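First the proteins, then the strands, lettered A, B, ... as listed; each starts at 1. Computed from a predicted model, the values in this text were never measured in an experiment.
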Amino acid sequence: MEEEELEKAVHAYLRKKGFKLSDLALQDQNRLSASSHNDLVLTRLENDPVRYHDGYSKLRSWAYSSLDLYKHELLRVLYPVFIHCFMDLVAEGHMQEARTFFHTFREDHELMHLRDLQKLEGILSPSHLEEMELARTLRQSKVKIKLCEYSYDLLLQYLQKTQSIAMLGIINEHINFEVSAGKPSSIADDADVVALVGSSQDEAKQINQKEVRWGLLEDSIEERLERALSDSEKADVESKEVDPEDNKKRSTDGGKQGASIKKLKKDKLVGVTGKNVRSETSMVSMAPRVKPELPLPVMSIEDEQAILEDLRNRVQLSSLALPSVSFYTFINTHNGLNCSSISNDGSLVAGGFSDSSVKVWDMSKIGQAGKTTTVQGEDGSAQEHMLNSDEGKRQYTLFQGHSGPVYSTTFSPFGDFLLSSSSDCTIRLWCTKLNSNLVCYKGHNYPVWDVQFSPVGHYFASCSHDRTARIWSMERIKPLRIMAGHLSDVDCVQWHVNCNYIATGSSDKTVRLWDVQTGECVRIFIGHRSMVLSLAMSPDGRYMASGDEDGTIMMWDLSSGRCVSPLMGHSSCVWTLAFSCEGTLLASGSADCTVKLWDVTSGTKALKMENKASSGSRLRLLKALPTKSTPVSTLRFSRRNLLFAAGALQKS
Amino acid sequence: MSIVPKETIEVIAQSIGIPNLSPDVALALAPDVEYRLREIMQEAIKCMRHAKRTVLTSDDVDSALSLRNVEPVYGFASGDPLRFKRAVGHKDLYYIDDREVDFKEIIEAPLPKAPLDTAVVAHWLAIEGVQPAIPENAPVEAISAPSESKKSEHGKEDGLPVDIKLPVKHVLSRELQLYFEKITELTVSKPDSVLFKEALVSLSTDSGIHPLVPYFAYFIADEVARSLSDLPVLFALMRVVQSLLQNPHIHIEPYLHQLMPSMITCIVTKKLGHRLSDNHWELRDFSANLVASVCRRFGHVYHNLQSRVTRTLLHTFLDPAKALTQHYGAIQGLAVLGPTVVRHLILPNLETYMQLLEPEMQLEKQKNEMKRREAWRVFDALLRASGKCLYDRLKLFPGLLSAPARSPLNKSRLAVNLPNKRKPSTNLSPQQQPPLKKFAADPTASSLPPIPTPANFQGASADGYPAQPSNSGIAPSSSSGQMANEGITGAIRRDKGGAGGRPQNVSAVLSQAWREDLDAGHLFASLFGLFGEAIVSFVPLPEMSLLP
């Protein structure tokens, strides 16, 4: 049908112009070359306006689902195709279709090209195209787009395969490709390209303007301790006839003073601690306070006392006083250890294995049993016998239930629960006291890469290959919130200290901060050049550190959404990050078999002082602690500021 | 398209039983195959990262396939990585090295050991930021380079003392072990045998014993501490040290810090050997010479070496609580380090020291003959040390003696002592000449004189040293007046009746003497005061003429 129409049209045209010879020649040629014809000419003559809509939407969805590596390049093609589709529709006089087309896809480009779109919106008739300066230049000039060889191939393949002639025509007509051999250009290299769908710099900027209340929770136990301390101090001073200044202070926060017997009890607890605790907590106490948006679980008195005890015994760390590091080495893992985690007090160590099992070691017990095991190693004859006798009670507790490799484990704040996530799309809750599986949470559709308990327990966050992160509570089997927006796998998740936000790191090379209550994305952190593998939040809630596949660690200021400073030093994947309890040190563990300690105060202070100068002094590396061919998979500061690290020994 | 050509598709098609795939189909399939491959790799890499690994395994690919709802590839055992081999004659063609396995072999092979169960072991990676040197931690060399570069950056700020001891792995051959055992055995059991002498020769010449040096160093340190009462063994050990020091093939520097304490011990320890007859003096002298040689040889490399040695020795010398034997050792040790050391460290303290030594040397004050003998030994050592120093001074500044030296002497209180005060040297009393010549001509004799007993000293004084004994006994009162006037004196501290200010004066002069290099004359004068005539023997012959 179409061919006949075309031929007729050409013949009519040639006849009209009096080109008889060429007409004949064309007929001959047409007969010879059967149905092979030029697509580009064809599209011109096609009149179906729906083709533009269909063609564009197909191209768009194809680009979105392409390989991560090439996605950002292919997405660059969409905008020029979009505006030319629109203008073609207008030019052909399909005004109604043009409008609907424009409004359907406008959103994609709004943030990036809002001004152009507003101008183009005003085009109401074909004649406007001629009149409007912008439209004319757009029609006349060609857009230059840089692509790598493979992206270009992919695009051509797609266009040929789908026979979307309208799109091919527009691309041929209006886009000049600069094809470069080799790898695709990285997003960060040219700032004004769309980083990834919906996360262009502009959009990111806009999102990052939302308010983030990064302060600490009101009435946290640290604060209460602090307050109790200052109260007791005041009481001391008071008894000795206070100076007027202190009295003023008292009157200002007199409202809070209505506190109760409970506080009195705390006074007793705290009285012993003295001033060193005060100085420690002072940095944290400077942070503003926010109200919790989630109903928080009630802490038992014993737990509270345990925390107080820990806070009292906390070692103060700084660039001059480095922490002690206790390293848990997994041996004989046969390359099967996928993840590990350490409970807050360091007494429990869990490992998730590729054989679907989770194993939990109680280190306090191993200390005692350790003697017998070393004896076993020494003389071979006794070995088997003793092993058999030991067989009854293994050194570890084995948790079986998953049906795929376990990718993450996390302990609840007091170590009584353990969560594990697996490639079987489920998360399981285990009780370390009963040694049994309590709940299986199903909701993700693909492997769950990471799961993290919230700082207060009860809630937890998970993230998955299905590009979502989810918030759960222990008592419900369905997720409370689903955070969707990442353009590739969400690889790691971390709670903010005030539990109102979670941060997620993704294979799309961005880190996002989500409001837990509303489920909205409130920050996008762009800057990493590869998959983000680890996240950590500073104890004062203001900063976040993220580590990536290349070994780069970035410090982010949550309130501004900007990078404070990159920390270079690791040569391979940064598996884990941890802030010390008073936030002065950052520890990082990497596949290059080192634990590195970074001084965080120098960088953040510099930033506080000179907010305008964005340079900010480099955070400095304090110490690199090499392990013996053991990649560091987990780090955790205990509440007493002892650093625990874990990793599997690799046989060379 | 770019990587997978259509020929590959054709080959794959043939391999799965499709003999004639049309070129069009192959051409269409090739790009899709490539795309799928890339997709699988992308997912497999994600799986690898989440398993916290940096090496891709076939398990990761299987997981990626199952993510995409594709049946995994069977037949690849995970565990060890696949081995690829290059095809002969092709540059970039590889194939998997897939051995044919005989079933019989597998069935008959003994069962492999059961894999060990996973376990967790804990250790300290760092204690307050410092890595303990335990086997669980990485060897320190791995970090030494970066830590140094880092130190230059932050060294002053954090100032953490990084005390890194390099672990050394030694593989000793059987022969060396035997050699070591033999030598140590000889040293301890038969230090007098001929064999031991040969062993010493071997130690000082053999080029292959370097690996043993740390063991020898340890052995010596250990053995010296253990057998302090066994003089022959100590002597043997010192000889071993001497041989080791002599050996040109040994790099002994790193072990000096282990050897030095042993040597110093042999110089200044209180009691060496358990018998009275043990000639520990000789051992002290020997060790002192060893230490001196070490200082000379390595002093320029280790600037604090000599200063540390001298500090130790001086400490001993100045401690009145220490035994005389120890003092002797200290003096000997300092003396062999050279006249400068003597001048700077011994001479300023000479005056006070003599006061201490004095009563020990006198028959009436010190009844114990052993003690007295020791005192005389010490006196002798002091005499020699100061004398050598004086000799050195006078050699350096020959003209100095004349004027100042004369002044104290010309008013000397004893006619007997220096009867011809204003006469030229030729007028020196004839009975003084022989001993002078003897001393000047025979330095060895002077360095190791026979043990002087009061008796033979008396004898000596009879034939040429009238000054000392006579002074002690005869002229305390007569001299004191003149001495006080002079300020510098030929007086001996023995006259207890002397003016209270005199010792200070004398030491002031002494200290001045070593401070002002030119004032050698005063030096002589004060030394003469302390030692009497004996010191004259150290005046070089040409200068002797200057003496009155």
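- For A:Ser318, no part sits under 4.5 Å from any heavy atom of chain B, backbone or side chain.
- When heavy atoms are compared at a cutoff of 4.5 Å, B:Gln42 approaches chain A solely by way of its side chain, counted from C-beta outward.
- For A:Pro323, the part lying under 4.5 angstrom from a heavy atom of chain B is the backbone only.
- Taking each heavy atom of B:Glu34 and A:Tyr150 in turn, the nearest pair found is OE2-CE1, 3.0 Å.
- Heavy atoms of A:Ser488 lying under 4.5 Å from chain B belong exclusively to its side chain.
- Looking only at atom types and distance, the side chain of A:Asp491 has a donor-acceptor partner in the side chain of B:His50 under 3.5 Å away.
- With chain A as the partner, the residue from B:Asp117, B:Ile127, B:Thr54 showing the most heavy-atom pairs under 4.5 Å is B:Asp117.
- Neither the backbone nor the side chain of A:Phe644 comes within contact range of chain B; no heavy atom of the residue lies under 4.5 Å from a heavy atom of that chain.
- At a threshold of 4.5 Å between non-hydrogen side-chain atoms, the residues B:Lys52 and A:Tyr407 do not count as touching.
- Taking every heavy atom of both residues into account, A:Lys623 and B:Gly129 meet most closely at CE-O, 2.9 Å.
- Here the closest non-hydrogen pair linking A:Lys628 and B:Asn137 is CD-O, 3.8 Å.
- Atom CZ of B:Arg68 is surrounded by more than 12 heavy atoms from other residues, nucleotides or ligands within 6.0 Å.
- Each of B:Arg53, B:His123, B:Glu39 has some count of heavy-atom pairs under 4.5 Å with chain A, and the biggest count is that of B:His123.
- Heavy-atom distances place the side chain of A:Tyr446, and not its backbone, under 4.5 Å from chain B.
- In this structure, no portion of A:Ser354 lies under 4.5 Å from any heavy atom of chain B.
- To the nearest 0.5 Å, the span separating SG on B:Cys47 from CG on A:Asn338 amounts to 9.5 Å.
- For the atom pair NE2 of A:His465 and CD of B:Glu43, the computed distance is 4.0 Å after rounding to the nearest 0.5 Å.
- Only the backbone of A:Leu337 has a heavy atom closer than 4.5 Å to any heavy atom of chain B.
- Proximity to chain B (any heavy atom under 4.5 Å) is shown, for A:Ser633, by both the backbone and the side chain.
- With respect to chain B, the highest number of heavy-atom pairs below 4.5 Å among A:Leu597, A:Asp489, A:Leu533, A:Leu317 belongs to A:Asp489.
- At least one side-chain heavy atom of B:Lys46 sits less than 4.5 Å from a side-chain heavy atom of A:Ser507.
- The shortest heavy-atom contact between A:Ser66 and B:Tyr35 is CA-OH, 3.7 Å.
- When all heavy atoms are compared, the tightest approach of B:Ala122 to A:Met363 is CB-CE, 3.9 Å.
- The shortest non-hydrogen separation linking A:Val325 to B:Trp124 is O-CE3, 3.3 Å.
- Here the side chain of A:Gln395 pairs no donor or acceptor atom with the backbone of B:Val120 at under 3.5 angstrom.
- By the side-chain hydrogen bond (donor to acceptor under 3.5 Å, both in side chains) test, A:Tyr158 pairs with no residue at all, sequence neighbours left out.
- Neither the backbone nor the side chain of A:Tyr152 comes within contact range of chain B, judged by heavy atoms closer than 4.5 Å.
- Using a 4.5 Å cut-off between heavy atoms, A:Ile331 contacts chain B through both its backbone and its side chain.
- Looking at A:Leu154 and B:Arg38, their side chains never come closer than 4.5 Å, going by heavy atoms from C-beta outward.
- The side-chain heavy atoms of B:Leu125 and A:Val595, taken from C-beta on, include a pair separated by under 4.5 Å.
- Taking the salt bridge (charged side-chain N to carboxylate O under 4.0 Å, His left out) definition, one finds that B:Glu10 meets it with nothing, sequence neighbours left out.
- A donor-acceptor pair is defined here as one N or O able to donate and one able to accept, closer than 3.5 Å; such a pair exists between the side chain of A:His334 and the backbone of B:Leu116.
- One distance of note links OG1 of B:Thr118 with OH of A:Tyr396; it measures 6.0 Å at 0.5 Å rounding.
- Taken from NZ in A:Lys161 to CG in B:Asp32, the straight-line distance is 5.0 Å, to the nearest 0.5 Å.
- The contact between A:Ala591 and chain B is made entirely by side chain atoms (from C-beta outward), counting heavy-atom distances below 4.5 Å.
- Side-chain atoms of A:Asp153 and B:Pro31, non-hydrogen and from C-beta on, never get closer than 4.5 Å to each other.
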